[in-house]
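Numbers here simply count residues along the sequence, with the first being 1.
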Amino acid sequence: MSFSGDIKEELSKMSNLANKEAVSAEFIGYLLSNNIEITKNKINYATENEYNINRLNKILNNLNIDYDISFQRRVYRITFKKPALKNIEYVENKIQINKADNIIDVKKEEQFFKALVRGVFLGGGSLNNPNNKYHLEILFKSKVNAEYIYRVLKEFYIQTKILIRKKSFSIYIKEAEEISKFLALIGANKSVLNFEEIRVERDTRNNINRLVNCETANLNKTINASVTQIQAIRYLKEHKKFEELPENLKEIAEVRLKNPDASLVELGKMLQNPIGKSGVNHRLKKICEIAEELGG
């Protein structure tokens, strides 16, 4: 099963149906999703996820709403009459939240809004496998609904973005921290732990890769510099100019020839009178400049 499916399985098994206001809010969340179709006085919700349908089934039973369920070509369909709810309105064959212009008070109605967000995620949300990328998205048919849920999540300090498509709208999250906060908000506590475990492993793996790449780049840089320095030293020797160098340059040149893989710090410690990295770099740079002036 997908990571998104695991989340919906967890949410479908939540035993919080005693709170009628929360149940109604979660039901509204389903109605706001992109998977709703309206035909005359009937509403049809379709999904391939059995946990979506199981949860909606429980909600409809709890609200005493009659319904029919069918399954065809891997798609579950549940059909019921248009409900008369104070929080929604029907606009051009679309179900739209009618609280869009009101103040969203998440402190006063915290459970209502958490259940509402849980419902929209169950109804039309998904989360990519976090091993590959962080991307949570919820689809809506109405821009009003997308903007409303955007505002609700903002009140819970969860930052999302709105994406406008040809026939739908969505809100999405690509930041791991925000996704973790979202999962905690809708009550998917087990999924939060799983997500954080994957996130830690992924971040650790990425950090190791960055360190390896950085070390490899530094090693390549050291090797390339060493090759250039050795070529300059050998050029001076071949053209009988090496003995004309000052003693400090001849000393570092001989040390470099004997230790082609050593770092500047290591070379500095090998001198009769040890010097630091910058001193070594200055001397080798001077040797290269002299060789270059001579045509090397």
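A 4.5 Å side-chain heavy-atom check between I171 and V120 finds every atom pair outside the cut-off. Within the 4.5 Å cutoff, side-chain heavy atoms of E26 are placed close to those of R55. Contact annotation: the side chain of L85 approaches that of L31 to within less than 4.5 Å [non-hydrogen atoms, C-beta and beyond]. With a 4.5 Å cut-off on side-chain heavy atoms, I275 and H282 do not count as touching. Residues E244 and L236 have side chains not in contact (no heavy-atom distance under 4.5 Å, counting atoms from C-beta outward). With contacts defined as side-chain heavy-atom distances shorter than 4.5 Å, the pair F140/N34 does not qualify. Using a 4.5 Å cut-off on side-chain heavy atoms (C-beta onward), L136 and F121 make contact. Residues D6 and F195 fail the side-chain proximity criterion, which asks for heavy atoms closer than 4.5 Å.
The number of heavy-atom neighbours closer than 6.0 Å to NZ of K269, taken from other residues, nucleotides and ligands shown, is 12 or below. Atom NZ of K42 sits in a crowded spot, with more than 12 heavy atoms from other residues, nucleotides or ligands closer than 6.0 Å. In this structure, N224 places its CG atom where more than 12 heavy-atom neighbours from other residues, nucleotides or ligands lie under 6.0 Å away. Open room surrounds NZ on K286; 12 or fewer heavy atoms of other groups in view lie less than 6.0 Å from it.
Salt bridge status for R199 with E196: present, with a side-chain N to carboxylate O gap under 4.0 Å. Here E155 does not pair with R151 in a salt bridge; the nearest charged N to carboxylate O distance is not below 4.0 Å. Between K285 and E292, no side-chain nitrogen of the basic residue sits less than 4.0 Å from a carboxylate oxygen of the acidic one, so the salt-bridge criterion is not met. A salt bridge between E110 and K114 is present, with a side-chain N of the basic residue lying under 4.0 Å from a carboxylate O of the acidic one. Salt bridge annotation for E254-K237: present, with a cationic side-chain nitrogen under 4.0 angstrom from a carboxylate oxygen.
Side-chain atoms of R283 do not come within 3.5 Å of backbone N or O of K250 as any donor-acceptor pair. Side-chain atoms of K133 do not come within 3.5 Å of backbone N or O of N128 as any donor-acceptor pair. N145 places a side-chain N or O within 3.5 Å of a backbone atom of I95 that can act as its donor or acceptor partner. Under a 3.5 Å cut-off, the side chain of E251 and the backbone N or O of Q272 do form a donor-acceptor pair. Judged by distance alone, the side chain of Q111 and the main-chain N or O of A22 form no donor-acceptor pair under 3.5 Å. Using a distance-only test at 3.5 Å, with no hydrogens or angles considered, no donor-acceptor pair links the side chain of N41 to the main chain of K81. When atom types are taken as modelled, the side chain of N52 and the backbone of L122 share a donor-acceptor pair closer than 3.5 angstrom. Here the side chain of E10 pairs a donor or acceptor atom with the backbone of K190 at under 3.5 angstrom. With hydrogens and angles ignored, the 3.5 Å screen pairs no side-chain donor or acceptor of S226 with any backbone N or O of I223.
Contact detail for V75 and A46: the closest heavy-atom pair is CG1-CB, 4.0 Å. Nearest heavy atoms, S142 versus F169: C-CD1, 3.6 Å. Here the shortest heavy-atom pairing between I252 and L271 reads CD1-CD2, 3.8 Å. In this structure, G187 and M14 approach most closely via the heavy-atom pair O-SD, 4.4 Å.
Residue E137 forms a side-chain contact (heavy atoms from CB on, under 4.5 Å) with just one option from L163, T160, L127, and that option is L163. When each of K141, R77, K94, K82 is tested with E37 by the rule salt bridge (charged side-chain N to carboxylate O under 4.0 Å, His left out), just one qualifies, namely K141.
N62 and K20 share a donor-acceptor pair across their side chains, judged by distance under 3.5 Å alone. Residues N61 and Y67 have side chains that bring a donor and an acceptor to within less than 3.5 angstrom of each other.
In this structure, the ring of F156 has its center no less than 6.0 angstrom from the ring center of F113. Aromatic rings of F80 and F27 (six-membered ring for Trp) have centroids within the 6.0 Å cut-off, being under it.
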_Y45 vs S33, test: side chain to side chain contact (heavy atoms under 4.5 Å, CB included). Steps then yes/no._
CA-CA 9 Å; Y45 174 77; S33 76; 3.9 Å; yes

_Let's go through N87 and L116 carefully: what are the C-alpha distance in whole Å and the side-chain angles of both, what is the deciding distance for side chain to side chain contact (heavy atoms under 4.5 Å, CB included) to 0.1 Å, and is it a yes or a no?_
CA-CA 11 Å; N87 303 100; L116 178 67; over 6 Å; no

*Yes or no on side chain to side chain contact (heavy atoms under 4.5 Å, CB included) for Y51 and L11, after CA distance, side-chain angles and deciding distance?*
CA-CA 8 Å; Y51 298 109; L11 294 177; over 6 Å; no

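There is no path of hydrophobic side-chain contacts, each under 4.5 Å, that joins L139 to Y76. V265 is not connected to V255 by any chain of hydrophobic side-chain contacts under 4.5 Å among Ile, Leu, Val, Met, Phe, Trp and Tyr, and they are in different clusters. Cluster annotation: F71 is connected to I43 through the hydrophobic network of ILVMFWY side chains, with a link wherever side-chain heavy atoms come within less than 4.5 Å. I88 is connected to I65 through a chain of hydrophobic side-chain contacts under 4.5 Å among Ile, Leu, Val, Met, Phe, Trp and Tyr, so both are in one cluster. At a threshold of 4.5 Å between side-chain heavy atoms, the hydrophobic network of Ile, Leu, Val, Met, Phe, Trp and Tyr places Y172 and V117 in two separate groups.
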